[in-house]
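Comments concern the structure below.
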Amino acid sequence: MTRRPRKPPAEAPAPAPPAPRAPEPDPVDPAERTTAPKGGRKTPAQKKTPSGTTPEAARTAKAAAAARAAKSPRTPRVPRAPRKAAAKTPPPALAVSPVPEGDRVRLLEGTHHDPHGVLGAHPVPGGTAFRALRPYAKAVAVVAKDLRAELRDDGDGFFSAVLPLEAAPEDYRLHITYEEAELEIHDAYRFLPSLGDFDLHLIGEGRHERLWDAMGARPMTHQGATGTRFTVWAPNARGVRVVGGFNFWDGTGFPMRSLGGTGVWELFAPSVGEGELYKFEITRPDGSKTLRADPLARRTETPPANSSVVHVSHHQWHDQDWLARRAERPAHEAPFSVYEVHLSSWRPGLTYRQLAEQLPAYVADLGFTHVELMPVAEHPFGGSWGYQVTGFYAPTARLGTPDDFKYLVDALHRAGIGVLMDWVPAHFPRDDWALAEFDGRPLYEHEDPARAAHPDWGTLEFDYGRKEVRNFLVANATYWCEEFHIDGLRVDAVASMLYLDYSREHGEWTPNAHGGRENLDAVAFLQEMNATVYRRCPGVVTIAEESTAWDGVTRATHHEGPGGFGGLGFGLKWNMGWMHDSLGYVSKEPVHRKHHHNEMTFSMVYAYSENYVLPISHDEVVHGKRSLVSKMPGDWWQQRATHRAYLGFMWAHPGKQLLFMGQEFAQGAEWAEGHGPDWWLLDPAYGAEADHRGVRDLVRDLNTVYRREGALWERDTDPGGFAWVEGDAAEDNVFAFLRYPDEGGGGTPLLAVSHFAPVVRHAYRLGVPDEFAAWQEVLNTDEARYGGSDVTNPDPLKPEPVASHGRPATLRLTLPPLATVWLRPV
C-alpha cells in the first residue's frame with residue numbers, strides 16, 4: 001500500500017476567537033453506534049461494499065483516496081473552543097507520532113500481541129503521544145474536560161498527535177467524525193488490563209473454579225467507564241480481534257492484547273453492552289483467519305445462527321427454601337424417582353416460560369421427585385437431541401434466554417421438584433466456528449488425531465490431560481449448579497471417556513503409561529469434577545451413564561479399589577445391566593420366560609456394588625427399539641398388563657427410578673424429537689383413552705406409595721434392606737422379595753410380588769416374618785381403574801404358622817395375571 005508521508009504542519013497564525021456554539025450533545029451510547037442524519041443516509045461503516053469487495057479492499061481504496069488528497073496543501077484544523085468559558089485551551093499539537101511501520105502492519109493484519117503498547121496515550125519527548133486506529137473515520141480528536149485537540153490522519157485508519165501534556169487525562173475520550181455522523185467514546189486503549197493477576201494465575205494453573213467470571217464477555221465498569229470485557233483463551237493465535245454488531249463486524253479497530261504466557265487475550269470495549277452480538281477473529285499460526293464463537297458465551301443466537309451474545313442476568317430467584325432443604329439427605333438415601341424430558345418436544349413450540357406454566361404441575365401431579373432434562377446447552381443440530389454441544393455455558397436459545405431457563409428451574413423448585421441435567425463432557429462437534437482447532441491447532445481436542453477422533457459419532461474428544469481444558473469442563477459443571485441452581489448432573493457417555501480402546505480395534509489405540517487401556521487423564525478429570533461439585537454445591541448429585549463394570553464409579557475418590565484406582569466419586573450410576581436384562585425378559589412370550597428367569601434375578605448379584613438408578617430412558621424407546629409398551633408380547637391387553645407389572649417391579653427393586661416421557665401413559669409409538677409424546681392418546685374423545693389414562697394413574701400411585709414407604713428407598717444401597725422370598729419360581733414366572741426400612745426408623749417392611757404369567761394363581765404361598773398379625777395390599781397393578789382384570793386381595797391377609805421359604809409364617813394370596821402386588825403389615 002502506497003502512502004504519502006506528511007510533514008508536521010507549519011506554525012499557523014493565531015486564529016480569530018471562535019463564535020460561541022451550542023453545547024455538544026451527550027456522547028453516543030451504547031456500543032459506539034452512529035446516528036445517521038436526516039434522510040436516512042448511512043455512515044461509511046454502514047454502507048455495503050460492492051459485491052465481491054472485502055472490507056480490507058475498501059480500506060485500501062479509502063487510504064489511496066486520502067493519499068491523493070494529501071498532494072494538496074491542507075490547512076491544519078484549529079482546536080475547538082472549550083466548553084467552559086473559563087477553561088484554558090492547550091496549544092495545537094506540536095508534532096505527530098505515527099504508529100511505527102512494523103506495528104502498523106501487524107495491527108492491520110491482526111497479528112499484534114500488544115496493541116495497548118502502541119495505541120492510546122504514551123509519554124514521548126515533548127509531551128504525550130495519542131494514537132488511534134479508527135477505520136473509515138474522517139477525523140479523530142482527543143477530548144477531555146479542558147481539552148480538545150485534533151489528531152492527524154496518518155492513513156489506513158491511523159490517527160496521531162503529540163500534545164504538550166505531562167500525562168494523558170485519566171478519562172479522555174475520542175471524538176470520531178465519520179462522513180455523515182459523529183460519536184464520542186472512551187479510548188479502549190487507555191485502560192489497564194481488566195483481568196487481575198490472581199485470575200490469570202488460577203487460569204494458568206487450571207484451577208479457576210469460577211472460570212465464567214473471568215473469561216468470555218462480561219459487562220462491567222472499569223476505570224470509571226462502562227463497557228464489556230472480552231477475554232478468550234487462544235495460546236496458538238498470532239492475534240485476536242473482537243468483531244460484532246458494535247463495529248459492523250470489522251475488527252480492525254478492536255485488536256486484543258495477550259496477557260503474558262497464559263494464552264489469554266483481553267480487551268475492554270467501552271460502551272459495548274448487553275445484547276450485542278460478537279465473535280472472535282483469530283489469526284492462526286499460518287496467517288489465515290477464522291471467526292469463532294466464544295467458548296464461554298453465556299448466551300447465543302438461535303441456531304442456525306451461531307454468534308455469541310453479551311449477556312447480563314436479571315433473574316431474581318425464589319427457591320431459597322428448596323436449596324436449604326435439598327442437602328438434608330443424600331440422594332442415595334432419599335426418595336428419587338425421575339421423569340426424563342426432552343424440553344423441545346415435550347410440548348413442541350413452548351418456550352421455557354411457557355413450559356414453566358405446564359411442566360411443574362404435570363410432574364408434581366404424577367408424584368415424581370425430579371425431572372431430568374436432556375441436554376439444554378447450545379447445540380447446532382437438533383437431531384443430536386443436544387448431545388453434540390457447541391455452547392457449553394449457554395442454554396439453547398431455541399426456547400428463550402438464559403433468564404427464561406432460570407425461570408423454568410425456579411418454577412420446578414417452587415413445585416417441589418428437583419432438576420437434573422444431562423451434561424456432555426465426552427466430546428464436541430467439528431463445526432468450524434466452534435471449538436475444533438479453535439486457534440488453528442488442536443486445543444480443546446487431543447493433539448493426536450487418533451486420540452481426538454471419537455470413533456462412534458464423528459466428533460472430537462476433549463484432551464483431559466491439558467489443565468486448561470480440564471478447568472474449562474470442571475468449571476462448566478459447577479457453573480450449571482451455581483448459576484442455574486441445577487440439582488444434579490447426569491454425565492453422558494462416561495464409558496467412552498474411561499477406555500482408550502473404546503470402539504477401537506487392535507492397533508488403533510495406544511496403551512497408557514502402565515500398558516493398560518484406561519484413560520488416566522479422563523479418570524483424573526472425572527475425579528476432580530466430582531470432588532469440586534460436591535465441595536462447592538451442597539445437595540447436588542452427579543450421575544454416571546457408565547455401561548461397563550468399571551470398579552468404583554460411585555466410590556469416594558480417596559478410596560482406592562482393587563484395580564489401584566480411587567473411586568470416580570459419582571453419587572449414582574445408571575444400571576444399564578438391569579435395564580438390558582429386565583427388558584430382555586419381559587419382551588419374551590410368557591411361555592418362554594422360564595428359560596430367562598435369571599435375567600430378572602441377576603441384578604441382585606451386583607445391586608450393591610454401586611449406587612444405582614434403574615433407567616428406562618429415551619435410548620430405549622427410539623431408533624427401532626419400540627416404545628416400552630410395544631416391547632411387550634401379546635395382544636393390547638397383555639401388553640398394557642405387562643407394562644404395568646414391569647413398572648411395579650421396577651419401582652420396588654433396589655435403586656432409583658427413571659422413566660422417559662410418554663412411557664407414563666403407554667404411548668405405542670417410538671419417541672421422535674420432531675413431535676414428542678402422543679398427547680392425543682389422553683383425549684377423552686379418543687376411544688382407547690381410558691387404557692392410557694389407567695397406566696398414567698398407576699404411575700401416580702406408584703410414586704405416591706413409593707414416597708410414603710421408606711422401605712422402598714431408605715436402604716437402596718444397603719444389602720440389609722433386601723431379602724428374596726421367592727427368586728427361583730421360574731415355572732410360575734414369579735418374583736417375590738421383601739424391602740426393609742432403616743432400623744429404628746419406625747417403618748415397616750414391604751412385600752413385592754411380580755407375576756409375569758397370563759393366568760390367575762390362587763392361594764399362592766409366600767414365606768413372611770411372623771411378627772406381624774396381618775398384611776394389607778397397598779398397590780395392585782391389575783386393578784380395574786388401571787385397566788386390569790381387577791383380581792385383587794381386598795381383605796387383610798393373616799399369616800399362617802407354616803414355615804415357607806425359610807421363614808416361620810406363610811401368606812396365601814391370589815396372584816393376578818401379568819401383575820405386581822405390594823403388601824405391607826397392617
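The chain is numbered in sequence order, starting from 1. Any value given below was found using the heavy atoms of this structure, including those in side chains, with hydrogens, waters and symmetry copies removed.
Contact annotation: the side chain of Asp492 never approaches that of Trp423 to less than 4.5 Å [non-hydrogen atoms, C-beta and beyond]. Taking 4.5 Å as the limit, every side-chain heavy atom of Met220 sits out of range of all side-chain heavy atoms of Thr226. With a 4.5 Å cut-off on side-chain heavy atoms, Val99 and Leu119 count as touching. The side-chain heavy atoms of Trp385 and Ser345, taken from C-beta on, include no pair separated by under 4.5 Å. Counting heavy atoms from C-beta on, the side chains of Glu266 and Phe268 come closer than 4.5 Å. In this structure, Ser307 and Trp249 have side chains that are in contact, with non-hydrogen atoms separated by less than 4.5 Å.
Applying the salt bridge (Lys or Arg N to Asp or Glu O under 4.0 Å) test to Asp403 and every residue at least two apart in sequence or in another chain returns nothing. Residues meeting the salt bridge (Lys or Arg N to Asp or Glu O under 4.0 Å) test with Arg430, sequence neighbours left out: none. Take Ser344 and apply the side chain to side chain donor-acceptor pair (under 3.5 Å) test, not counting sequence neighbours, and it matches no residue. Under the rule for a ring pair (Phe, Tyr, Trp, His ring centres under 6.0 Å), the partners of His113 that lie at least two apart in sequence or sit in another chain are Trp265. Scored by the side chain to side chain donor-acceptor pair (under 3.5 Å) test, His201 finds no partners at all (sequence neighbours excluded). With sequence neighbours left out, the salt bridge (Lys or Arg N to Asp or Glu O under 4.0 Å) criterion links Asp487 to Arg326.
Applying ring-ring contact (aromatic ring centres under 6.0 Å, His included) to Tyr387 and the options His618, His379, His342, His427 leaves one that passes, His618. Across Phe428, Tyr464, Phe392, a single residue satisfies ring-ring contact (aromatic ring centres under 6.0 Å, His included) together with Phe472, and that is Phe392.
Ring geometry, Tyr502 versus His454: the interplanar angle exceeds 60°, so the pair is classed perpendicular (tilted spans 30 to 60°). The aromatic rings of Phe280 and Phe230 sit perpendicular, their planes meeting at an angle over 60°, well past the 30° parallel limit.
In terms of modelled atom types and a separation under 3.5 Å, the side chain of Tyr479 and the main chain of Tyr393 share a donor-acceptor contact. Remark: side-chain polar atoms of Arg218 are not paired, donor with acceptor, to backbone N or O of Arg229 under 3.5 angstrom. Thr228 places a side-chain N or O within donor-acceptor distance of the main-chain N or O of Val272, the cut-off being under 3.5 Å. Side-chain atoms of Gln223 come within 3.5 Å of backbone atoms of Leu192 as a donor-acceptor pair (strictly under, hydrogens ignored). One N or O on the side chain of Thr401 and one on the backbone of Asp404 form a donor-acceptor pair closer than 3.5 Å. Using modelled atom types, one side-chain atom of Glu445 and one backbone atom of Glu437 make a donor-acceptor pair closer than 3.5 Å. Here the side chain of Asp431 pairs no donor or acceptor atom with the backbone of Trp433 at under 3.5 angstrom. In terms of modelled atom types and a separation under 3.5 Å, the side chain of Arg241 and the main chain of Leu107 share a donor-acceptor contact. No donor-acceptor pair under 3.5 Å is formed between the side chain of Thr262 and the backbone N or O of Leu200. With hydrogens and angles disregarded, no donor-acceptor distance shorter than 3.5 Å links the side chain of Tyr189 to the backbone of Arg131.
The heavy-atom pair separating Ala225 from Phe191 by the smallest distance is CB-CZ, 3.6 Å. Shown here for Tyr178 and Pro135, the closest heavy-atom pair between the two residues is CE2-O, 3.6 Å. Summarising the geometry of Glu378 relative to Ala397, their closest heavy-atom pair is OE2-N, 2.7 Å, with the distance given to 0.1 Å.
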Working for side chain to side chain donor-acceptor pair (under 3.5 Å), residues Trp457 and Gln388
CA-CA 9 Å; Trp457 303 309; Gln388 295 191 11; over 6 Å; no

Kindly indicate, with the supporting measurements, whether the criterion side chain to side chain donor-acceptor pair (under 3.5 Å) is fulfilled by His314 and Glu274.
CA-CA 11 Å; His314 302 285; Glu274 180 180 0; 3.1 Å; yes

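Between Phe246 and Phe254, the ring center distance clears the sub-6.0 Å criterion.
Salt bridge present: Asp213 and Arg210 bring a charged side-chain N and a carboxylate O closer than 4.0 Å. Under the 4.0 Å criterion applied to side-chain N and carboxylate O atoms, Arg535 and Glu209 are assigned as salt-bridge partners. Ion pair Glu461/Arg451 not flagged as a salt bridge, since none of the NZ, NE, NH1 or NH2 atoms sits closer than 4.0 Å to an Asp/Glu carboxylate oxygen.
Put simply, CG on Leu359 and CG on Leu373 are 7.5 Å apart, with the number rounded to the nearest 0.5 Å. Here the CG atom belonging to Leu420 is positioned 10.0 Å from the CD atom belonging to Glu340, to the nearest 0.5 angstrom.
Geometrically, Arg490 engages Trp574 in a cation-pi contact defined by less than 6.0 Å to the ring centre and at most 45° from the axis. Both cation-pi conditions hold for Arg353 and Tyr407: the charged atom is under 6.0 angstrom from the six-membered ring centre and inside a 45 degree cone around its axis.
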